[in-house]
Engineer: 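My questions all concern the structure below.
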Amino acid sequence: MIDCGRETKAYLVGGGIAALATAAFLIRDGDFPGRNIRILEQLPLAGGSLDGQGSPEQAYVTRGGRMLEDEAYTCLWDLLGTIPTLDDESVSVRQEIIDFNRDWPTHARARLIDRGHRVLDASRLGLDTRDRLELTRLLVLPESVIGSRRIDEFFSEHFFATNFWAMWRTTFAFQNWHSAIELKRYFLRFLQEFPRIHTLSGVRRTRLDQYDSIVRPLTEWLLERGVRFEHGVTVTDVDFTERDGIRRARLLHLLRDGSPESVELAEHDLAFLTLGSMTADAAYGGDDTVPELIRDKRDGSWTLWETLSRKAPDFGRPAVFNGNVTEAAWESFTLTMRSPALLKRIEEFSGNAPGTGALMTFKDSPWLMSIVVPHPPHFAGQPDGVFTLWGYGLFLDTPGEHTGTAMAESTGQQILTELLGQLGFEDIADEVRTTTTVTTVMMPYITSQFARRSVHDRPLVIPHGARNFAFLGQYVEIPEDVVFTVEYSVRSAMHAVYRLLGLDLPVPPVHHALTEPATVLAALRTALA
């Protein structure tokens, strides 16, 4: 057990949600002095992938939209239940999310749209007997047997043409070549979503974008307790010692605004190291520009893990996750609209209530494009009369149906043209184009955590013999839990803090829908319909 005395310090490498949660758990549950916690972050803002920024004059942008869920996000709710909102310190962030979703529940009425601009009956999943047998086989196979095989090694062509797969893959961003283990974990973790996958009524959203609703309140709470945020700092290496099977982090090597420094860890000091980043090397484009697909790992999060992985065989294999940008990348876009014309037409076309944040997917789109209209305002300070829409495409290299250009080669205005074509709204195209700014984001590693991997490719949160260091984030191994969720990062933080500090506190168990007979029965009825 670590002695969290007045002189004990904690160094948190990376400023994403995993590190922010770690700092909060150290203070809240470990009585750790906030002034002794240092968060070392390369970027000028904390929050990592939970972003949201911009202005009505220029444009707003988010790289992705995080959909939350009541049953599965137990560690996140535990954290946010003790963090006050910025507007009212008597209301927690968790309560604000509950209240917002009570007032603005998600209920998609146009989950799937075909090439003829028709809203499909998405409640008809389209699964046949073979599909159900293949799905059952995947669920019952142990992960050790599944190994590093692809999703498309377990299913026939018919399965991939079903409404079910179109909805599941675009809700969670799966590609057919991704890890079958990760898909199995998602099926088990979100079994309760089967009966409502066509409406997404189980989705919980934040009142504003995730940066304004989660990161800013959490950061303010940490600052009030003396936590030090040091930006412009890239940790490049860590020295470890090992004696009698006990391993300790002893020295952090870093660049501060480009100048080398080192930080020596005392006997009881702690190091929490975030490995990799799914939004590393994100590149931005605009109305008339195309975002670059960066392949040379300019962000320090991956190079740090690569350096550490050469020190011990159980520190993971980052090349498994960052070694194939072609399979991991996709592109998102944010529309900043100064006219309600497009949103009004979408509401009339879809039947979705205004601001319900319901995902719409163009099933036959060559880019497999999906969009979400968030409830305004979605950004802090967003004025009346300015509206936003977020979308993404899973297929980057296929020519668009209405532009003839691949998404990866398209400007923001070309993506807008493709969207209007998929909706069949060419009659309002001129007004929409003249009142809309498009910001695009290319993310080379966005689904890299779904890469096909073996049991040893991701390191444990607490490696064997580690006494004062832990690994955090989307690329550590947490048995049974699902990556590409905020919950996964927060759970890694809770495990790291409780175990390093020797706290006799329970980590909320991973949700097991199979232990709930009513949930299993509802899922079976849905699959057999």
Side-chain angles (χ1 to χ4, degrees), residues 11-14 16-19 21-22 40 42 48-49 143-144 146-149 178-182 185 234-242 245-250 252-253 270-281 297 299-325 327-328 444-485 487-497 499-500:
Y11 298 89
L12 282 54
V13 177
I17 186 62
T22 296
L40 310 176
Q42 177 180 344
S49 301
E143 291 187 2
S144 59
I146 297 172
S148 59
R149 284 187 283 177
H178 280 150
S179 165
I181 287 179
E182 302 302 342
R185 289 192 181 190
T234 302
V235 176
T236 59
D237 198 357
V238 182
D239 292 344
F240 299 90
T241 61
E242 181 171 356
I246 303 301
R247 293 189 283 187
R248 294 183 179 276
R250 281 302 187 194
L252 305 181
H253 299 270
L270 305 174
F272 298 89
L273 313 171
T274 303
L275 302 179
S277 169
M278 61 185 178
T279 51
D281 294 331
K297 292 191 281 291
D299 186 290
S301 58
W302 285 112
T303 53
L304 173 62
W305 188 13
E306 289 175 342
T307 299
L308 298 183
S309 69
R310 292 190 285 269
K311 296 177 181 289
D314 63 337
F315 283 4
R317 300 182 178 96
V320 170
F321 304 96
N322 66 20
N324 193 334
V325 166
E327 291 192 352
Y445 306 107
I446 189 62
T447 61
S448 57
Q449 58 272 59
F450 286 156
R452 302 178 299 280
R453 46 86 181 182
S454 72
V455 68
H456 301 295
D457 292 335
R458 300 197 299 218
L460 298 174
V461 175
I462 309 288
H464 296 297
R467 287 296 182 269
N468 73 332
F469 70 95
F471 296 135
L472 305 174
Q474 294 292 307
Y475 300 92
V476 298
E477 175 58 26
I478 303 176
E480 302 179 330
D481 208 355
V482 290
V483 290
F484 212 5
T485 62
E487 173 72 8
Y488 200 87
S489 291
V490 175
R491 183 174 291 274
S492 74
M494 189 175 279
H495 273 289
V497 171
R499 288 184 59 190
L500 282 188

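Since this is a predicted model, take the numbers as computed values, not measurements.
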Engineer: Can you confirm whether L252 sits close enough to D237 that some side-chain heavy atom of one is under 4.5 Å from a side-chain heavy atom of the other?
Structural biologist: no

Engineer: Rounded to the nearest 0.5 Å, what separation is found between the CD1 atom of I181 and the CZ atom of R149?
Structural biologist: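 Rounded to the nearest 0.5 Å, the CD1-CZ separation comes out at 9.5 Å.
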
Engineer: With R247, which residues qualify under side chain to side chain donor-acceptor pair (under 3.5 Å), at least two apart?
Structural biologist: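 R247: side chain to side chain donor-acceptor pair (under 3.5 Å) contacts with D314.
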
Engineer: Are the side chains of R491 and D481 in touch, meaning some heavy atoms are under 4.5 Å apart?
Structural biologist: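 Yes - at least one pair of side-chain heavy atoms lies under 4.5 Å apart.
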
Engineer: Can you tell me how far CD1 of I462 sits from OG of S492, rounded to the nearest 0.5 angstrom?
Structural biologist: 10.0 Å

Engineer: For L472, does its backbone N or O pair with a side-chain atom of T274 as donor and acceptor, under 3.5 Å?
Structural biologist: no

Engineer: Does N324 have any side chain to side chain donor-acceptor pair (under 3.5 Å) partners at least two apart in sequence or in another chain, and if so, which?
Structural biologist: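 Partners of N324 by the side chain to side chain donor-acceptor pair (under 3.5 Å) criterion come out as none, since no residue qualifies.
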
Engineer: For residues L308 and V238, determine if any side-chain heavy atom of one lies less than 4.5 Å from a side-chain heavy atom of the other.
Structural biologist: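 Side-chain contact under 4.5 Å: yes.
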
Engineer: Is the shortest heavy-atom distance from the side chain of I446 to the side chain of F484 under 4.5 Å?
Structural biologist: yes

Engineer: Got a donor-acceptor contact below 3.5 angstrom from the W302 side chain to the A319 backbone?
Structural biologist: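 No: the side chain of W302 does not pair with the backbone of A319.
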
Engineer: Within this structure, what is the CZ-CG distance for the pair F469 and L500, rounded to the nearest 0.5 Å?
Structural biologist: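 Between atom CZ of F469 and atom CG of L500 there are 9.0 Å.
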
Engineer: Short question: side chain of S179, backbone of E182 - any donor-acceptor pair under 3.5 Å?
Structural biologist: yes

Engineer: Considering residues at least two apart in sequence or located in another chain, which fulfil the side chain to side chain donor-acceptor pair (under 3.5 Å) criterion with T303?
Structural biologist: none

Engineer: Could you check whether Y475 and Y445 have their ring centres less than 6.0 Å apart?
Structural biologist: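 Between Y475 and Y445, which both carry aromatic rings, the centre distance is not below 6.0 Å.
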
Engineer: Might you point out which heavy atoms bring L460 and F471 nearest each other, and give the distance in Å?
Structural biologist: O-CD1, 3.6 Å

Engineer: To check you understand the geometry: which heavy-atom pair defines the closest contact between Y488 and V476, and what is its length?
Structural biologist: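 Closest heavy-atom pair between Y488 and V476: OH-O, 2.6 Å.
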
Engineer: From Q449 CD over to H178 NE2, what is the distance, rounded to the nearest 0.5 angstrom?
Structural biologist: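 With rounding to 0.5 Å, CD (Q449) is 8.0 Å from NE2 (H178).
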
Engineer: Do F321 and D457 come within less than 4.5 Å of each other through their side chains, counting heavy atoms only?
Structural biologist: yes

Engineer: With a 4.5 Å cut-off on side-chain heavy atoms, are L275 and R458 touching?
Structural biologist: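 No. Closest side-chain heavy atoms not under 4.5 Å.
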
Engineer: Looking at Q42, is its backbone amide N or carbonyl O close enough to the side chain of T234 to form a donor-acceptor pair, meaning the two atoms are under 3.5 Å apart?
Structural biologist: no

Engineer: Within a strict 4.5 Å, meaning less than it, do heavy atoms of the D239 and K311 side chains meet?
Structural biologist: yes

Engineer: For the side chain of T447 and the backbone of A328, is there at least one donor-acceptor N/O pair under 3.5 Å apart?
Structural biologist: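 Flag set: sc T447 to bb A328 pair under 3.5 Å.
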
Engineer: Name all residues meeting the salt bridge (charged side-chain N to carboxylate O under 4.0 Å, His left out) criterion together with E327; count only those two or more places apart in sequence or in a different chain, and write none if there are none.
Structural biologist: R452

Engineer: Does any N or O in the side chain of S454 come within less than 3.5 Å of the main-chain N or O of S148, such that one atom is a donor and the other an acceptor?
Structural biologist: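 Side chain of S454 to backbone of S148: no pair is present.
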
Engineer: Could you report the tightest heavy-atom contact between A493 and T22, atom names first, then the distance?
Structural biologist: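 Scanning both residues completely, I find the closest heavy atoms to be CB-OG1, 3.1 Å.
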
Engineer: Using a 4.5 Å cut-off on heavy atoms from C-beta on, say whether the side chain of L273 contacts that of V235.
Structural biologist: no

Engineer: For residues A18 and G473, report the shortest heavy-atom separation together with the two atoms involved.
Structural biologist: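 A18 and G473 have their closest heavy atoms at CB-N, 4.0 Å.
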
Engineer: For S301, check side chain to side chain donor-acceptor pair (under 3.5 Å) against everything at least two apart and list the hits.
Structural biologist: D299

Engineer: List the residues meeting salt bridge (charged side-chain N to carboxylate O under 4.0 Å, His left out) with R185, not counting sequence neighbours, and say none if there are none.
Structural biologist: E143, E477

Engineer: For the CZ atom of R499 and the CZ atom of R467, what is their distance to the nearest 0.5 Å?
Structural biologist: 10.0 Å

Engineer: Let me confirm one number: the OH-CG distance from Y11 to N468, rounded to the nearest 0.5 Å.
Structural biologist: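 Taking OH in Y11 and CG in N468, the distance rounds to 11.5 Å.
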
